[in-house]
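Working notes, beginning with the structure itself.
Below, each value reflects all heavy atoms present in this structure, side chains not excepted, and no hydrogens, waters or symmetry copies. In this text the structure is predicted, and so the values were computed from the model without any measurement. For this chain, numbers begin at 1 and follow the sequence in order.
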Amino acid sequence: TARSYLDLLETGCQVRTLPAYFVNTGKRLRKAPKILARDCGFAAHVADVRSWEDAVSRGMDGPLVETFALAELITLAGLSETRPGATYWRTGRGAEVDLVFERGPAVVGIEVKSAVGLRYEHARSLMSLRDDLGDRFRIGVVAYLGDETRRLGDRVWAVPLASLLGGCAVDVVDL
């Protein structure tokens with residue numbers, strides 16, 4: 001029954017399922033798909049969020065920013081000539097990268113944060129993915145609500161979400 005309802009929501013373009021990314025089948029990774037709302041306005045309505053202040057006070061700001069960013073990035077990827085595969089990555093220990101684009105051997109990870117400031121912890125999962133993939137990992141991006149682009153580590157950068165979704169978004173998505 002649940003699968004039937006999920007299929008109905010997907011057919012009605014209300015949600016999408018994002019498959020899990022995994023290469024090493026022996027590693028303890030979560031392999032169940034992630035269910036994403038396609039529209040953050042719809043998600044806010046369903047959660048009865050009336051304003052940004054309401055979202056922040058109820059801890060919904062992160063999920064709503066993530067819903068918005070992932071929907072936009074997946075749409076941009078679909079418009080590119082290369083059309084990289086979109087997945088997410090989560091380990092059994094809880095490390096998660098919100099969006100993983102793969103084209104051939106190249107992999108890009110994107111972690112979305114609703115924070116204005118940066119902390120080292122924001123990049124930890126991207127660094128785990130980088131260490132897991134080695135040379136296949138091209139770049140990891142922490143997309144956040146701040147306004148400064150900053151290198152956080154080897155092949156891991158913090159980029160303002162507004163910049164990522166602006167003119168440079170297609171360049172990152174195209175690998």
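The pair Asp48-Arg50 meets the salt-bridge criterion, since a charged nitrogen lies less than 4.0 angstrom from a carboxylate oxygen.
In terms of heavy atoms, Tyr144 sits closest to Gly117 at CD1-O, 4.3 Å. Taking both residues in full, the closest heavy atoms of Ala86 and Pro19 are given as O-CD, 3.7 Å, listed atom of the first, atom of the second, then distance. Met127 approaches Leu152 most closely through the heavy-atom pair CE-O, 3.4 Å. Considering all non-hydrogen atoms of both residues, Ala20 and Thr87 come closest at C-CB, 4.1 Å. Val156 approaches Ala123 most closely through the heavy-atom pair CG1-CB, 3.9 Å.
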(message) Checking Leu165 against Phe68 for the side-chain contact (heavy atoms from CB on, under 4.5 Å) test, could you report, in this order, the C-alpha distance in whole Å, the side-chain angles of both residues, the deciding distance, and whether it holds?
(response) CA-CA 11 Å; Leu165 295 176; Phe68 168 74; 3.5 Å; yes
(request) Test side-chain contact (heavy atoms from CB on, under 4.5 Å) on Asp98 and Ile110 and set out the steps. (result) CA-CA 6 Å; Asp98 296 324; Ile110 300 173; over 6 Å; no
(request) Take Asp132 and Thr91, measure what side-chain contact (heavy atoms from CB on, under 4.5 Å) needs, and give me the verdict at the end. (result) CA-CA 11 Å; Asp132 195 36; Thr91 68; over 6 Å; no
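The shortest distance between side-chain heavy atoms of Val97 and Tyr21 does not fall below 4.5 Å. Side chains of Leu18 and Leu99 form a contact here, defined as non-hydrogen atoms less than 4.5 Å apart.
In this structure, the separation between CZ on Phe137 and CG on Asp154 is 8.5 Å, given to the nearest 0.5 Å. Between the CG atom of Leu126 and the CZ atom of Arg155 there is a distance of 11.5 Å, given to the nearest 0.5 Å. One distance of note links CG of Leu161 with CD of Glu66; it measures 11.5 Å at 0.5 Å rounding. The distance from the CD atom of Glu102 to the CZ atom of Arg136 is 5.0 Å, given to the nearest 0.5 Å. To the nearest 0.5 Å, atom CZ of residue Phe101 and atom CG of residue Leu73 are 5.5 Å apart. A distance of 12.5 Å separates CD in Glu111 from CD in Glu121, rounded to the nearest 0.5 Å.
Each of Leu145, Thr149, Val116 was checked for a side chain to side chain contact (heavy atoms under 4.5 Å, CB included) with Pro160, and the lone residue meeting it is Thr149.
Counted within 6.0 Å of CG on Asp147, heavy atoms from surrounding residues, nucleotides or ligands total 12 or fewer; the atom is thus considered open. Within a 6.0 Å radius of CG in Asp135, other residues, nucleotides and ligands contribute 12 heavy atoms or fewer.
Note on Met60: it does not cluster hydrophobically with Val65, by side-chain heavy-atom contacts below 4.5 Å among ILVMFWY residues. Ile74 is not connected to Leu64 by any chain of hydrophobic side-chain contacts under 4.5 Å among Ile, Leu, Val, Met, Phe, Trp and Tyr, and they are in different clusters.
For Val56, the side chain to side chain contact (heavy atoms under 4.5 Å, CB included) partners at least two apart in sequence or on another chain are Trp52, Asp61.
Within the 3.5 Å criterion, the main-chain N or O of Ala47 finds a donor-acceptor partner in the side chain of Arg58. Judged by distance alone, with hydrogens and angles left aside, the side-chain atoms of Ser125 form a donor-acceptor pair with the main-chain N or O of Glu96 at under 3.5 Å.
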